[in-house]
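All ligand and atom numbering here is 1-based and tracks the order in the structure.
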Amino acid sequence: MKRIGILTAGGDTPALNATIHGAVVRANQLKLEIYGFIKGFNCLFNPQVPHVHLNPLFQAIPELDPTKGGTLIGSSRDYVDPNKKDELDLIASRLKRLGIDGLICIGGDGTLNGLQPLAERLPTVLAPKTIDNDLGLNFPSEPDEWVRTSDPSSKSGFVYKRSPSSAVFDLDQIVNYATPGYATAVLVSAQGVDRVRTTAESHRRIAIIEVMGRHSGYIALGTAYGQPDIILIPEHPVDMERVVDRVKYLYDLQKNVVIVCGEGIVDEQGNEFAESRSTDPGGNVVFAGAADALRERMIHMIGDSYFQRYRRGNSAKEAIFTRKVGHTQRGGRPIQFDRFYAALLGSKAVDLLIEGRNNAASVLQYQASKGFHVEGFDANRFRDRWGLIHARYMHRSLYDPRLMKPSKMGIDYLLPIFTDAIGSDDAEHMRQTLFDPGNLVQPYHSINTDVHKRIRYIDGAHTD
Ligand code: F6P
């Protein structure tokens, strides 16, 4: 193997550059050339295959900064379609013309789903990333627990459900304990909770803060570090009576309440609070409005008189407000935990290719007795018996639905990730850069401007 390719697919996450950096450092050690493909799989659909040589003379290009969020090679939500054989063959022939002997895709479950058809054409491995922390398994036999029933109304003609589990859940059994990007997303979200609290306290309000995560509640669970009063996650249907009782109790006690909800929360009938039923190009549901829908239900159930009685506002509408943490949880500088393990996972992906592994992923494993380490894991072991990879749901035992907070096991899950997740340089970086007077006079200099100058095309042509 002389030359490998690397791409970043799906939504950006804070540690993508760190993963690429880890792969490049390892490639340098092994004297392997590494090309970065521009804008994820989109690049492979482009006959010109715009790419950047990331390690000329086996040195990382200076634009590759592992402490910067986003991805210097760009990303998109384009994925390969396993059924489009001609398109896949075309991709393989383009990569061959470029002299690519192996491919590393940095992505989430959507990317992993498309790995097999590529792996049938050239050695392909995955390095994981996603703030949702939903790439992995709660235990190795989890894929076998999916059952499929036909449903003509769904796009694929089938619906997939989990059968009751026969496995004992144990933190040491988790496959891919945490994905790069998750810790930074939790940091931003927990800080958001902490900051919104003071407004809620000062103005006697009830705040509902919505975090990302699609159908998985890991980010919401992690916001426990910001000490919200109530956490609602997609894996447990929201019991509105219980929420309202708890809100009233807390409001009577402390004159403010802070609630965190995952964007994919569902009610007791299994209906999502979020209204939007659209999908992104990767086929993922785009959620919008979970916090607003929760607010509407609370306004209706609590009523204006409750607030008027205590002279704490004229109406429920005035007292209950919503905020989305939004894309700030996905952007910016990755904290130490994400940077460090992202780099190891990127490096491991190179090793997997060198070891001759194909259709495999590098994963982050945790054992209470040994701590974290990276391993290779065959991608097929993520698939159910029909070949589909499902996003990981947070295991229900990590959450206490009565307290609406992390359970004891949930706390045990969070501790190894977060206790030392922030490095001293993370705090120092903010101190040195945020109020740098230069920021006031210099325009923002985008990484895209510099990388653009390095882009090469398959036939040497330079077009935009
Ligand atoms: O999968 C990552 C994620 O941030 C989800 O948590 C969220 O639902 C989605 O992407 C939003 O994506 P975008 O706004 O980029 O379409």
Can you work out which protein residues put a heavy atom within less than 4.0 Å of ligand 1?
R77, I131, D132, M212, G213, R214, E263, H327, R330

Ring of W146, cation from R162 - is the NZ or CZ under 6.0 Å from the centre and inside 45° of the axis?
yes

Can you tell me how far CG of D109 sits from OG1 of T130, rounded to the nearest 0.5 angstrom?
7.5 Å

Those residues that, when tested against E87, pass side chain to side chain donor-acceptor pair (under 3.5 Å) (two or more places apart):
none

As a test of understanding, state which of Y182, Y218, Y413 forms a ring pair (Phe, Tyr, Trp, His ring centres under 6.0 Å) with F418.
Y182

If the condition is side-chain contact (heavy atoms from CB on, under 4.5 Å), which residues does P128 pass it with, not counting sequence neighbours?
L126, L135, N176, T179, L345, S362

My understanding is that only residues two or more places apart in sequence, or in another chain, count here; which of them pass side chain to side chain donor-acceptor pair (under 3.5 Å) with R431?
E428

